[in-house]
Structure formats: structure tokens, C-alpha cells
Amino acid sequence: MKKLMLMLMAFCLTLTVQAQDLTKAQEKAIKKEVKAKLKDFQKGGYEIFGSSRTLEVALTKHYTALEKGGDDVIEFVGHSQARSANVAAAAAQNSAANAYATRASLQLKGRVLSDMASDVANQATEFDKFYAVYEGKVQQEIRGELKPSFSVKHANPDGTISVQAFYLVNERGANIARLKALENSLKESEVMSKYAKTLSNIVNDKVVPED
């Protein structure tokens, strides 16, 4: 199993993101998206937090990075609320990591149910335990792959501060994080270890945010 993990990780490391110059159409689309998102933030009373840049500049950089990254770069958002903006910002990373891990676990479960129906029927309890363990491991491993893009905040009537923190996730690093999470999860279940190869193939599927 370890040899399999190492081979898969080595394969992931060979992937490269080819950032290309944006076309006029892409630049136009980014400006339109920035304008719409800026309007939404302003309507909700949000302002830039933790940066000397304007919100418009932060949004432009964010959407440009997403556009250049193509399918290899995705966005995950952390939401938090606390009496202090700094405390809320710190909690937002936990929120983003949890959102990613939950999505990863749900995607894994969906593929397992469709590809391994008979095995799941025979080992339903073990599979359910495994999903929970895997989700926790992914949450731990993905933190290092959440690259901060920008954050916004607004004050609530009850005196608390709400923060939305936007992160960019590169699939190359995220894939390795998921494989590490899988390897560590399998160590905790002898029953599930026999499915290592099949699960590894499934875990290689990119995790995408919910629509």
C-alpha cells in the first residue's frame, strides 16, 4: 500500500499548472465578475480586511488567479463570526478546511456507493466509520494547501464581526493531501485496507465546491 501511495504522489508532483496570458474575453469576464461581487459585498456592508489593497484590487487578483489556474485551481470560502475580527479570521480557516473535508468525504462516499455497491452492503458500518475518519484526516492535511487570497468583514447588530475568508486550492497539492489522508485513514482500519487501491483511484478525483 505504501508503494502505491508513493507512486500516486510522485505522479501528482509531475503535474504542472500552465499559467497563460488571459484573452480579452477572459479579462472582460473578470471585470464583470469583479463588478458584480463588489456590488454584493457593498450591499452586505462588507469591507476588505487584513490588507492595504482595495477590495476591487483584491477581487481582481483573486478572479485572475482562478482564471489562469483553470481546472487546477479552485476556491473555498471560510465563514466565521466572533467578537473580534482577528478571532473570526482565524476561525475562518477552520471553516474552509472543514468545508473542503466535508465535500471530499461526500464525493468519496458517492463514488464508493456507485462503484462498490456490493462491498458497501456487506461492510456498511465499516465504510461509515471510514468516511468519518477520512474527513477528519483531510481537514488536517488540507490546511497547508489553503492559500489565503483575501478576506472581508462586516459588523453585526449584536456586536460580533462576521468574516468571509477566500482561499485558493491548487489541485496538485490538494491531491497529495487527500492521498496522505487516505493512507492515514487506512492505517486505522484493517477491514478497509483491502480496498486501498480502489479507494486511491477514487480519491484522485478532484474535489470541487458545491454549486
Side-chain angles (χ1 to χ4, degrees), residues 17 19 29-108 132-181 184-185 206-211:
V17 178
I30 289 172
K31 289 180 180 179
K32 184 177 180 180
E33 196 165 10
V34 167
K35 184 178 180 180
K37 193 66 175 179
L38 186 61
K39 185 177 180 180
D40 287 343
F41 278 142
Q42 291 172 338
K43 186 177 180 180
Y46 282 94
E47 61 183 21
I48 192 75
F49 173 64
S51 173
S52 60
R53 300 293 185 93
T54 66
L55 183 52
E56 184 175 0
V57 170
L59 283 166
T60 301
K61 289 184 63 179
H62 180 75
Y63 287 120
T64 298
L66 282 172
E67 192 67 37
K68 285 187 174 182
D71 292 337
D72 293 308
V73 178
I74 57 175
E75 168 195 274
F76 267 84
V77 186
H79 301 266
S80 60
Q81 182 175 323
R83 289 288 175 182
S84 162
N86 289 328
V87 172
Q93 185 184 32
N94 292 334
S95 172
N98 182 62
Y100 186 97
T102 299
R103 187 63 181 159
S105 179
L106 287 173
Q107 287 188 196
L108 173 65
V133 173
Y134 175 71
E135 182 173 332
K137 300 294 184 184
V138 171
Q139 186 172 357
Q140 294 173 14
E141 296 292 342
I142 201 61
R143 291 178 189 277
E145 303 304 326
L146 293 172
K147 307 305 179 185
S149 183
F150 72 97
S151 297
V152 292
K153 67 174 183 177
H154 82 79
N156 300 307
D158 62 0
T160 60
I161 304 295
S162 291
V163 169
Q164 291 185 38
F166 290 73
Y167 295 89
L168 297 175
V169 182
N170 187 287
E171 174 56 16
R172 179 175 59 182
N175 191 292
I176 293 174
R178 294 194 304 273
L179 289 171
K180 287 182 179 178
N184 290 330
S185 299
K206 184 176 71 173
V207 172
V208 294
E210 292 184 278
D211 295 330

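- For the atom pair Q93 CD and L146 CG, the distance stands at 6.0 Å (nearest 0.5 Å).
- If you take CZ on F41 and CG on L55, they are separated by 6.0 Å, rounding to the nearest 0.5 Å.
- Inter-residue side-chain proximity for P148 and Y167 is flagged as met; some heavy-atom pair is nearer than 4.5 Å.
- When every heavy atom of F76 is checked against every heavy atom of A96, the shortest pair comes out as CD2-O, 4.3 Å.
- Side-chain contact of T160 with D158: a donor-acceptor pair under 3.5 Å is present, judged by distance alone.
- With S80 contributing its side chain and A88 its backbone, the two residues share a donor-acceptor pair below 3.5 Å.
- The CD atom of Q140 lies 8.0 Å from the CG atom of N184; values are rounded to the nearest 0.5 Å.
- For CG of D71, the number of neighbouring non-hydrogen atoms (other residues, nucleotides, ligands) closer than 6.0 Å is 12 at most.
- Taking a 6.0 Å sphere around NZ of K206, one finds it holds more than 12 heavy atoms contributed by other residues, nucleotides or ligands.
- Atom-to-atom distance recorded for S95:OG and Q81:CD is 12.0 Å, nearest 0.5 angstrom.
- For the pair I161 and F49, the minimum side-chain heavy-atom distance is 4.5 Å or more.
- I142 is listed as a side-chain neighbour of E145, based on a closest heavy-atom distance under 4.5 Å.
- Shown are V34, I48, T54; of these, the side-chain contact (heavy atoms from CB on, under 4.5 Å) with L59 is made only by V34.
- Here the rule is side-chain contact (heavy atoms from CB on, under 4.5 Å) with Q164, and of H154, H79, K153 only H79 fits it.
- Annotation: the span from N94 atom CG to R143 atom CZ amounts to 4.5 Å, rounded to 0.5 Å.
- Smallest separation of non-hydrogen atoms from V207 and I74: O-CD1, 3.0 Å.
- The aromatic rings of F150 and F166 sit parallel to each other, their planes meeting at less than 30°, with 60° as the upper class boundary.
- For the pair V73 and K68, the minimum side-chain heavy-atom distance is 4.5 Å or more.
- Atoms CD and CZ, on E171 and R178 in that order, are 4.5 Å from each other to the nearest 0.5 Å.
- Under the 3.5 Å distance criterion, the side-chain polar atoms of E75 are left unmatched by any main-chain donor or acceptor of H62.
- In terms of heavy atoms, T60 sits closest to I30 at O-CG2, 4.4 Å.
- Summarising the geometry of A85 relative to V163, their closest heavy-atom pair is O-CG2, 4.0 Å, with the distance given to 0.1 Å.
- Residue E56 places its CD atom among 12 or fewer non-hydrogen atoms of other residues, nucleotides or ligands, all under 6.0 Å distant.
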